[in-house]
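The structure appears right after this line, and notes come after that.
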There are 2 protein chains.
Amino acid sequence: MSPSFIHTYVSVDCVVFGFDHENRLNILLAQRHFENVPIERQKKLPGSLILSEEDVDDAAQRVLHELTGIKKMVLKQFKCFADPMRASSNDDIRWMGEEYKHNIDRIITVAYLSLCKIDHKINSTKYDTVDWCPIDKVPLLPFDHNKIISESLIEIRKWIESDFSIIFELLPKRFTIRQLYQLYSALSEKRIDIKNFHKKISSFNYIIPLDEIETNVAHRAARYYKFDAKVYKKNNTKLIK
Amino acid sequence: MSPSFIHTYVSVDCVVFGFDHENRLNILLAQRHFENVPIERQKKLPGSLILSEEDVDDAAQRVLHELTGIKKMVLKQFKCFADPMRASSNDDIRWMGEEYKHNIDRIITVAYLSLCKIDHKINSTKYDTVDWCPIDKVPLLPFDHNKIISESLIEIRKWIESDFSIIFELLPKRFTIRQLYQLYSALSEKRIDIKNFHKKISSFNYIIPLDEIETNVAHRAARYYKFDAKVYKKNNTKLIK
């Protein structure tokens, strides 16, 4: 046996995005069980080692289901993280030993993006505590989870750029143009003027105005809209836009 | 030790695209050494197990360098393939045993896309034979390499959709609009009329007409153009196009 090839454990980690009522992107963090470690250092990205007869996509679906109780969530594999040093801190090695009862010294992980309406009830079968955390309040996490989150932000932008319909997974079924604008602004690197945004959006035939307006609001009540997936699909298959 | 977690070898496989003079997409296939197997079954995607102290991206760079002799190539990780049955045929298990001197029964692979100008000299330090193969002439390959190639075609389309500058990696430094059109048509699912294409392209300020035209051609000599990466970068950072 030559010792020079990697022979390793493989995990999946999931970055689940939500959009809160204060117009901030959030992600789901799970609380791990880790004795003798302060509570603020017990958060992590939800994830799991993959099982011996399991494909990675199935492992990610399993993790999301154990995390949220939701059966089918939008899911996108985005990157394999395999830095030889990514799981080499003493704390990380000790935690893996306790969690998996294995002596693990290297682990590669396949990272996934997912999207969730923030009002959806979270019913975890695996974790006691699962919390939304605003993206700019994420604490120091174990392994390279902070790096995975940074890269997931770039990836969610690319995803929406290549398939704008994805943005509606984060909004309520009926939404105002202001909500869409605020979500777009939270995701985009470039500022866009709300008037230009309105103009652009009204040219999209898959964003359908409804006969309903906001109630009980201090400002002028805005119209609600819905997203029509069928119309979107029909018109968006070109390479050059 | 619980037996239920995967503990496995990890490889990288690279799909390198080129665009030939007959307007066909090609990929690079390597010839493996595999005794008692007919020559037509010795082709494979270039790849390698990753080394114990190596990150996956570095492994892919190494594979491309050993394959082509080119030091820096455009590279994009696109998917981890981990079907438990992907390396379970007798031939595949026998070949892995001969090639790596390991007894390997499961292997996951991280697949990469790369692009190469087809006139570039290929100087492999690892393989005796490396050949361009038109995408519609790819033979039956080992493992799930045919599946990886199918998915890479979807991925290269998405890549060009999200970053049109990538298409110019496949063209000569100076090119005609007809060449760009033919490459675009080979990559796109939708037909586009050449007149509309011309119109669209002339609105792109990063495609610069040169003071040179084709020589020695039977048809009317066409103007050459070049791609200006700086101008492109300045104008293409929006989420909505």
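Below, chains carry the letters A, B, ... as their sequence lines are ordered, and counting in each starts from 1.
- Aromatic rings from B:Tyr100 and A:Phe5 are positioned such that their centres are separated by under 6.0 Å.
- Take B:Glu151 and apply the salt bridge (charged side-chain N to carboxylate O under 4.0 Å, His left out) test, not counting sequence neighbours, and it matches B:Lys79.
- Below 4.5 Å, heavy atoms of chain B meet heavy atoms from A:Glu53, A:Glu54, A:Asp55, A:Val56, A:Asp57, all part of residues 53-60 of chain A.
- Atom NZ of A:Lys226 has 12 or fewer neighbouring heavy atoms from other residues, nucleotides or ligands inside a 6.0 Å radius.
- Of all heavy-atom pairs between B:Phe78 and A:Gln77, the closest is O-OE1, 4.5 Å.
- Shown here is B:Asn90, whose CG atom has no more than 12 heavy atoms of other residues, nucleotides or ligands within 6.0 Å.
- Rounding to the nearest 0.5 Å gives a distance of 6.5 Å between OH of A:Tyr112 and SG of B:Cys80.
- For A:Lys76, the NZ atom is densely surrounded, since the number of other residues' heavy atoms within 6.0 Å is greater than 12.
- Under the side-chain hydrogen bond (donor to acceptor under 3.5 Å, both in side chains) criterion, B:Ser88 pairs with no residue at all, not counting sequence neighbours.
- Proximity to chain A (any heavy atom under 4.5 Å) is restricted, for B:Val110, to the side chain, taken from C-beta onward.
- Residues satisfying the ring-ring contact (aromatic ring centres under 6.0 Å, His included) criterion with B:His198, sequence neighbours excluded, are absent altogether.
- For A:Arg106, the part sitting under 4.5 Å from any heavy atom of chain B is the side chain, from C-beta outward, and nothing else.
- Separating the OG atom in A:Ser4 from the CD1 atom in B:Ile50 is a distance of 11.5 Å, to the nearest 0.5 Å.
- Per-residue heavy-atom pair counts under 4.5 Å with chain B were compared for A:Thr8, A:Ile108, A:Leu49, and the maximum is reached by A:Thr8.
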